[in-house]
Amino acid sequence: MTGQELLDSLGKLFGQKLQDKTEFRGETTYTILPADLREVAKFSRHDLSFDYLIDITSIDNFGEDPRFEIVYELYSMTLAVHLRLKLKISEDEQVDTISDLWPTANWHEREIYDMMGIKFKGHPDLRRILMWDGYPFFPLRKEFPLEGLPSEMPDVAFTKAASLEGGPFVTRPSTATAKDREPRARPPEL
Amino acid sequence: MADTHATAYDSKIEGNVIFTRLDAAFNWVRKNSLWPMPMGLACCAIELMATAASRFDIARFGAEVMRFSPRQCDVMIVAGTVTYKMALAVKRIYEQMPEPKYVIAMGACASTGGMYRSYAVLQGIDQLIPVDVYISGCPPRPEALLAGLMKLQEKISGEKSSAAQKPEWTKKLAGAVA
């Protein structure tokens, strides 16, 4: 079976459950519903040869509903095919874990929980992984300020807001000269 | 021609007796044998290692004995980014060092948080423990660390160590002399 046949068989089996197919530089992306995640993931893992979970990432589309987006990057070592699965969930929803299918998902899901506050249903050990237990915020959410917020956990850790000294110093997406692109103090326009 | 008297020169003790102030003797001993606590937390630690290696050779300044037990250390070299998660651990290690103790904040991150204006990074180790010498650079070159070490040695040689660190003993000694 070639890589293209592999992706075709996925499309044939799941049909309507796979939406918004996009191809970019040989990588295929599908959007799926959160409810279908386990079924699609299980089939990709066991029947198609997607034996390598490269990464799981999450996006905060603040102001939209559903708010969060989770992106699964799958790869087949045997056929060298890349498959990207996306799903959208709202703030109060939980996503099914896939840590029983790819053990590496255990820590990826913990990191998403730590940084974004998205919970994974059925995860064996959903603790924070970078920040400490008891830290009250989810720092990669859009409403969390860049300089941080003060917090206190006696004998464990504390945080303070950092001084930005006129910043944040951010770049501007532009193809203009380097002078226009370079980081300058640009407070967020809220 | 005047006579030279044997009392002015005694070959038996020549070179074995020197006169100095007590503090100067203490400080001289201390500053030339600073045992560092290598608190290597990020890329500055690589430069710290380079400083200890043969090309720059921190042993020339008597500070080559890196100890990984704080109880044997005199100076803590905080080399790298101090995250909030690490901050209280750094403080605890500092507290376990015996007096007199000194701190060198090596590099931009340890001194001020550096480029990390962030929720996760302590904005300078001086918010938790007293710092004696700040070294600029990102990371500083080994020469800069050696310059910082020499600055610290200068500071130590000007200390009133006996009065500051052993006040009662000094008072008793002064009473005995008087």
Side-chain angles (χ1 to χ4, degrees), chain A residues 57-58 60 62 107 110-118 125 127-172 181-188 190, chain B residues 37-45 69-71 76-97 101 103 105-131 134-140:
Chain A
T57 55
S58 57
D60 182 5
F62 187 56
W107 281 20
R110 277 179 67 185
E111 190 184 349
I112 291 174
Y113 166 66
D114 192 0
M115 294 286 119
M116 285 285 196
I118 301 169
D125 182 27
R127 286 176 296 133
R128 283 182 174 271
I129 193 168
L130 297 170
M131 308 303 279
W132 46 94
D133 281 327
Y135 181 70
F137 309 109
F138 300 113
L140 287 195
R141 287 189 172 190
K142 289 284 183 197
E143 81 265 19
F144 187 83
L146 185 65
E147 65 268 30
L149 290 168
S151 72
E152 174 79 51
M153 276 281 287
D155 296 330
V156 178
F158 67 97
T159 56
K160 288 184 198 170
S163 163
L164 287 183
E165 304 292 347
F169 297 88
V170 286
T171 53
R172 206 155 34 190
R181 286 198 310 269
E182 77 178 13
R184 289 180 189 283
R186 292 190 183 100
L190 291 176
Chain B
M37 169 84 231
M39 185 48 83
L41 300 169
C43 31
C44 279
S69 162
R71 295 175 208 287
M76 179 190 257
I77 302 178
V78 184
T81 319
V82 188
T83 58
Y84 283 117
K85 200 172 181 176
M86 191 67 191
L88 292 187
V90 175
K91 190 181 183 202
R92 184 168 306 153
I93 291 170
Y94 172 77
E95 282 165 353
Q96 287 170 352
M97 286 165 59
K101 52 190 170 184
V103 175
M106 180 184 179
C109 293
S111 304
T112 66
M115 65 175 182
Y116 300 104
R117 297 273 177 253
S118 152
Y119 65 92
V121 175
L122 182 69
Q123 303 293 304
I125 191 64
D126 54 0
Q127 299 197 9
L128 274 186
I129 57 179
V131 174
Y134 298 86
I135 302 171
S136 64
C138 184

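Letters go in sequence order (proteins before strands), and every chain restarts at 1.
- Here Phe158(A) contributes atom CZ and Leu128(B) contributes atom CG; the two are 4.0 Å apart, rounded to the nearest 0.5 Å.
- In this structure, no portion of Phe137(A) lies under 4.5 Å from any heavy atom of chain B.
- Note that CE of Met131(A) is 8.0 Å distant from NZ of Lys85(B), once rounded to the nearest 0.5 Å.
- Counting heavy-atom neighbours within 6.0 Å of Asp133(A) CG, excluding the residue itself, gives a total above 12.
- Within the 3.5 Å criterion, the main-chain N or O of Glu147(A) finds no donor-acceptor partner in the side chain of Arg117(B).
- Contacts between residues 118-126 of chain B and chain A, defined by a heavy-atom separation under 4.5 Å, are made by Ser118(B), Tyr119(B), Leu122(B), Gln123(B).
- Residue Tyr116(B) qualifies as open at atom OH: its count of foreign heavy atoms under 6.0 Å is 12 or below.
- For the residue pair Asp155(A) and Leu88(B), the shortest heavy atom distance occurs at C-CD1, 3.9 Å.
- Looking at Ser151(A), neither its backbone nor its side chain comes within 4.5 Å of chain B, counting heavy atoms on both sides.
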